[in-house]
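These notes concern the structure reproduced below.
By convention in this document, chain letters (A, B, ...) are assigned in the order of the sequence lines, proteins followed by strands, and residues within each chain are numbered from 1.
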2 protein chains.
Amino acid sequence: MSIDRKKKAASTGPQSIDGTRSDVLRAAAKLFRNQGYAATTLRQIAEAVDVKAGSIYYHFDSKEQILDEVLDTGIRVVMNEVRTRLDALPAEAPCRRRIEAAIEGHLVGMLQHGDFTSANIRIYGQIPAGPKKRHRAVRAAYANYWDQLLAECQGKGGLRADVSVSVLRLFVVGALNWTVEWFDPRHGSLEAFIRQISAIVFDGISPHATASNLHRLRPDSREQRR
Amino acid sequence: MSIDRKKKAASTGPQSIDGTRSDVLRAAAKLFRNQGYAATTLRQIAEAVDVKAGSIYYHFDSKEQILDEVLDTGIRVVMNEVRTRLDALPAEAPCRRRIEAAIEGHLVGMLQHGDFTSANIRIYGQIPAGPKKRHRAVRAAYANYWDQLLAECQGKGGLRADVSVSVLRLFVVGALNWTVEWFDPRHGSLEAFIRQISAIVFDGISPHATASNLHRLRPDSREQRR
DNA sequence: GTCTATAAACTGATAGAC
DNA sequence: GTCTATCAGTTTATAGAC
């Protein structure tokens with residue numbers, strides 16, 4: 001029996017160094033992401049970390065407490081990546097560079113902690129009222145962080161002014177959030193992906209005179225305009 | 001008892017004219033959206049349409065069959081709105097206008113059938129393998145529809161060429177999908193919203209010389225560039 | 001810290017009356 | 001078409017042994 005445990009723990013790899021408690025959170029995030037909160041049973045979480053269901057109650061008071069921690073982690077890892085990059089920029093950095101740094105941090109945070117961030121995004125609209133209300137403050141803080149960045153840039157003329165900051169933030173962060181659902185590292189590096197997404201966010205899908213499509217500016221290959 | 005039924009049916013409004021079967025689908029879509037598939041019980045669906053749980057099995061073979069129809073409806077209503085608008089355009093319509101029509105159709109379809117479309121987006125990643133596999137063809141057909149539109153435009157130079165069609169489609173459709181999670185009609189009309197979203201999708205968040213921010217082009221109010 | 005055993009409630013689905 | 005009654009299985013959470 002203890003032999004079985006050691007074997008499984010070894011196959012679980014270096015994740016187990018933090019102990020059962022963190023293992024439960026990681027397993028829960030993955031299951032919440034792929035099945036939803038209500039559909040995930042404590043027995044499934046327990047089995048994933050090679051423990052019996054009853055043992056979980058030594059580390060957590062309830063299933064809802066596990067949910068609380070998974071939700072908060074999903075936002076905090078992203079916020080940390082964004083804040084780190086923005087704090088590293090010089091104070092006089094132009095808006096485009098600052099927003100690029102925020103986009104990069106958001107994407108890196110999302111894609112490197114996919115189970116926590118994807119679980120957060122997927123299940124937030126489906127959880128009970130209690131956890132939803134408790135988690136709201138963490139979400140609001142992150143939204144506020146973006147709003148301040150964007151509002152400052154819009155005030156300086158570094159951001160389009162015909163759309164409100166809140167709509168810009170909801171659109172951009174929403175679009176970034178969704179990339180975790182379809183980004184595939186087999187189709188290219190994360191760095192290249194970040195550059196592409198940044199380009200679309202800043203300049204849209206319209207054709208631009210970039211190095212890779214300059215040839216399109218020859219009149220005969222241009223689409224007819226009206 | 002039959003009095004109670006009539007009273008409830010009247011309060012349910014004109015939705016009931018299609019009969020219990022459609023009522024079940026509408027109620028299921030709403031519950032799936034807000035609680036997830038597994039968390040929604042047949043008893044909850046039954047209660048929402050003022051019927052007993054056992055009665056649902058007269059109209060549907062299983063809970064999974066209800067899921068199948070809710071999922072398919074969520075994509076089909078959107079695809080119909082998009083196709084209707086594109087088919088109404090003249091054959092020589094420029095790419096910008098065609099893509100604008102697709103964006104408008106997608107947003108109208110999503111926001112006017114919010115429970116079906118939001119349920120689809122929210123729970124697709126969390127449902128059992130059977131329904132997921134069955135639904136895949138409907139999703140692929142819609143993705144293909146966008147890909148053909150975008151590929152044709154990119155070939156004509158009507159779309160930026162430094163990002164692949166599939167990434168452009170995934171980003172744009174993903175961003176549009178997410179708007180159903182935050183669009184609030186109290187903050188403005190649907191028409192104005194569509195114009196704003198189209199503007200961001202085509203030209204990005206960078207400042208532009210539009211009528212509403214021309215004053216920003218005065219040199220002294222412009223952000224310092226480097 | 002983890003286990004077993006169990007309580008109390010709920011689940012999808014079926015059978016048969018009306 | 002809808003109802004009631006019920007089956008067999010599952011759920012979260014608890015109690016107490018080790």
If I take atom CD1 in residue A:Ile56 and atom C1' in nucleotide C:dT4, what distance separates them, rounded to the nearest angstrom? 15 Å

Can any side-chain N or O of B:Arg43 pair as donor or acceptor with the backbone N or O of B:Ala53 at less than 3.5 Å? no

State whether B:Lys52 places a side-chain N or O below 4.0 Å from either non-bridging phosphate oxygen (OP1 or OP2) of D:dT2. no

CD of B:Gln44 versus P of C:dG12: gap in Å, rounded? 8 Å

Rounded to whole Å, please give me the gap between CZ in B:Phe60 and C1' in C:dT14. 18 Å

Side chain of B:Thr41, heavy atoms from C-beta onward: which of C:dT11, C:dC3, C:dA13 has the nearest atom to it? C:dT11

When you compare the side chains of A:Ser198 and A:Glu104, does any donor N or O come within less than 3.5 Å of an acceptor on the partner? no

Electrostatic pair B:Glu100:B:Arg96 at N-O distance under 4.0 angstrom: yes

Main chain of B:Glu69, side chain of B:Thr73: is a donor-acceptor contact present, judged purely on distance under 3.5 Å? yes

OH of B:Tyr57 versus P of C:dA17: gap in Å, rounded? 21 Å

Expressed as a whole number of angstroms, how long is the span from A:Gln65:CD to D:dA13:C1'? 14 Å

Are A:Thr20 and C:dT2 close enough that a side-chain N or O sits under 4.0 Å from OP1 or OP2? yes

Output the single nucleotide from D:dA13, C:dT2, D:dT2 whose closest atom is nearest the side chain of A:Ser55. C:dT2

D:dT11 P sits how many Å from A:Glu64 CD, rounded? 18 Å

Could you check whether B:Glu191 pairs with B:Arg195 (Lys NZ or Arg NE/NH1/NH2 to Asp/Glu carboxylate O, under 4.0 Å)? no

Of the listed nucleotides (C:dG12, D:dA13, D:dT2), which one gets closest to any side-chain atom of B:His59? D:dT2

Quick check for you: among D:dA13, C:dT2, D:dT6, whose closest atom lies nearest to any side-chain atom of A:Tyr58? C:dT2

For the side chain of A:Val51, starting at C-beta, report the closest nucleotide among D:dT6, D:dA13, C:dC3. C:dC3

Separation of C:dT14 atom C1' from B:Arg43 atom CZ, nearest Å, is 12 Å

Measure CG/A:Leu42 against P/C:dC3 and give the value in whole Å, please. 14 Å

